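Working notes, beginning with the structure itself.
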Amino acid sequence: MLLGCIGDDFTGASDIANTLAKGGMSVTQYNGIPDCPAAASVEVGVVALKSRTIPVDQAVDLSLKAAEWLLAQNCEQIFFKYCSTFDSTKEGNIGPVADALSTRIGEETVLFCPAFPATGRSVYQGNLFVHDMPLSESGMKDHPLTPMTDSDLRRWLGHQTQRTVRHLPYPIVRDGEIAIREALQRKGAGYYIADAVDDNNLIELGKAVAERKFLTGGSGLSLGLPDNFRRQGKIGSERPHWQGIKGPGVVLSGSCSEATRKQVRLYAQTFPALEVTAEAIFNEEASTDGICDWALHQTHPPLIFTSADSKVVHQAQDRFGVAKTAEAIETFFGNLAVALVGKGVVRIVTAGGETSGAVVTALNVSQVSIGPEIAPGVPALNAPETGLVMALKSGNFGSETFFEEALAVLER
């Protein structure tokens, strides 16, 4: 194995797996820490964790265990992958996980760059933007678990680490690989928030850190990594054939992002859709068996969703508590997915990192192969051990017709 990636949620893991597979590398995504060695043909191992919103000490412990497994596979480089919106609270988890991993791997100079221009995320003057809007003015300010109230990544990361947080400004990044490498060597040890406004910036950053043992970022930063290995003659050019599955499908949406709510509204205008509220889950009015029976009687893959606007979400959190609300919704989707698969569903589309993690965990999907890209950051996934095909979508990704597009790709 050449490259090991640690994703802090399941959708983010499939995001970077997609980018590296498109770059021509043989990629396998492992959901949770594997208990056996990787196959010899695997060039990239992506370990998907559900660590973004758990307590810091647990996130650090899981990430270190993932790193140990990847290092045991003789990885030359480790990539800690977080969301392109850098979402975490002031208390964690990006900084502490990066601290632990960089110490274990022995890298004192570490790049941080969540930019993903294909989805409108860019970093300039150390600040993260969503299209032309500072992150703290976007819908992320109302995220139910990790509200982002500051766009300055230097300041935000500074809350989470005792390491020196530096800035790699756009003029240096624009000048390319050599300028970037010289700047990192000249300024010395520390964490570097790198500006990047287009894919070329990310490719040059990737070239510049080819010799670094550890780096962090969104999936965009991995754009230049396959060519680093290709130039050394270490990777092939063949990509596995994709085979979809025809059969019953379902869409499960727990994301409350603006993009997902638009997708939910559009899908529900034409196809069967059922909203399940947090109150219905807590009051045990949302019967898994009843919803499963309803879903299986639809002539088109149904949508089952808890997605709601921030006001509704906060009302539920005020009433039941933030952690309990999240846990109840994740448990509901996990149990529902198990019931649906038990009745013959083979195509599953999920929206939201926590929802995706709950579904994959409940279904015991230990690893997946990477298929064609459905939307930037979202590949089709094949889980041969379970007979399922899946699409795990981060809340903010995909066009308004994403659900229908994903269901179509999964059976192709």
Side-chain angles (χ1 to χ4, degrees), residues 10-11 14 29 31 241-255 260 263-276 280-281 286-307 329-375 378-395 397-412:
F10 286 59
T11 58
S14 62
Q29 177 175 323
N31 298 318
H241 173 68
W242 163 257
Q243 180 63 56
I245 300 176
K246 291 185 180 294
V250 68
V251 181
L252 305 176
S253 176
S255 169
T260 296
Q263 291 159 353
V264 166
R265 286 195 296 269
L266 185 62
Y267 194 88
Q269 289 175 10
T270 305
F271 304 112
L274 178 68
E275 180 178 11
V276 180
I281 294 172
S287 163
T288 299
D289 290 340
I291 294 172
C292 182
D293 288 342
W294 170 84
L296 294 171
H297 281 87
Q298 305 307 312
T299 57
H300 191 278
L303 161 67
I304 300 157
F305 66 98
T306 60
S307 306
I329 291 173
E330 290 170 28
T331 299
F332 163 76
F333 277 120
N335 291 340
L336 180 59
V338 170
L340 289 164
V341 170
K343 295 291 183 68
V345 167
V346 294
R347 290 179 293 151
I348 300 178
V349 178
T350 63
E354 302 305 315
T355 303
S356 299
V359 167
V360 168
T361 300
L363 292 172
N364 292 316
V365 176
S366 63
Q367 67 182 62
V368 293
S369 58
I370 311 302
E373 182 178 78
I374 301 168
V378 192
L381 305 173
N382 192 314
E385 62 186 4
T386 60
L388 300 174
V389 284
M390 311 179 77
L392 311 178
K393 184 189 85 75
S394 177
F397 286 6
S399 70
E400 291 188 6
T401 57
F402 175 82
F403 294 151
E404 187 67 6
E405 294 165 3
L407 288 164
V409 171
L410 291 182
E411 69 175 357
R412 234 179 351 229

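Note that the structure is a prediction, hence the values are computed from the model and not measured.
- No donor-acceptor contact under 3.5 angstrom links the side chains of Ser255 and Ser253, judged on distance only.
- Taking all atoms of both residues into account, the shortest heavy-atom contact from Leu336 to Cys292 is CD1-N, 4.2 Å.
- Using a 30° and 60° split on the angle between ring planes, Phe271 and His300 fall in the parallel class, below 30°.
- A salt bridge (Lys or Arg N to Asp or Glu O under 4.0 Å) check over residues 378-387, counting only residues at least two apart or in different chains, returns nothing.
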In sequence, state the C-alpha distance, the side-chain angles, and the governing distance for Thr355 and Glu330, and then conclude on side chain to side chain donor-acceptor pair (under 3.5 Å). CA-CA 6 Å; Thr355 303; Glu330 290 170 28; over 6 Å; no
Pair Leu296, Val345 - check side chain to side chain contact (heavy atoms under 4.5 Å, CB included), show working. CA-CA 8 Å; Leu296 294 171; Val345 167; 4.0 Å; yes
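- In this structure the side chain of Trp294 reaches within 4.5 angstrom of the side chain of Pro272, judged on heavy atoms.
- With sequence neighbours excluded, no residue forms a ring-ring contact (aromatic ring centres under 6.0 Å, His included) with Phe332.
- Side-chain contact check for Leu392 versus Met390: some heavy-atom pair is nearer than 4.5 Å.
- Legend: salt bridge (Lys or Arg N to Asp or Glu O under 4.0 Å) pairs involving residues 343-356, not counting sequence neighbours, sorted by first then second residue: Lys50-Glu354, Asp293-Lys343, Arg347-Glu411.
- Side-chain atoms of Leu252 and Val349, non-hydrogen and from C-beta on, never get closer than 4.5 Å to each other.
- Note: Ile329 CD1 to Thr306 OG1 = 4.5 Å, rounded to the nearest 0.5 Å.
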Could you go step by step and tell me if Lys393 and Ser14 meet the side chain to side chain donor-acceptor pair (under 3.5 Å) rule? CA-CA 9 Å; Lys393 184 189 85 75; Ser14 62; over 6 Å; no
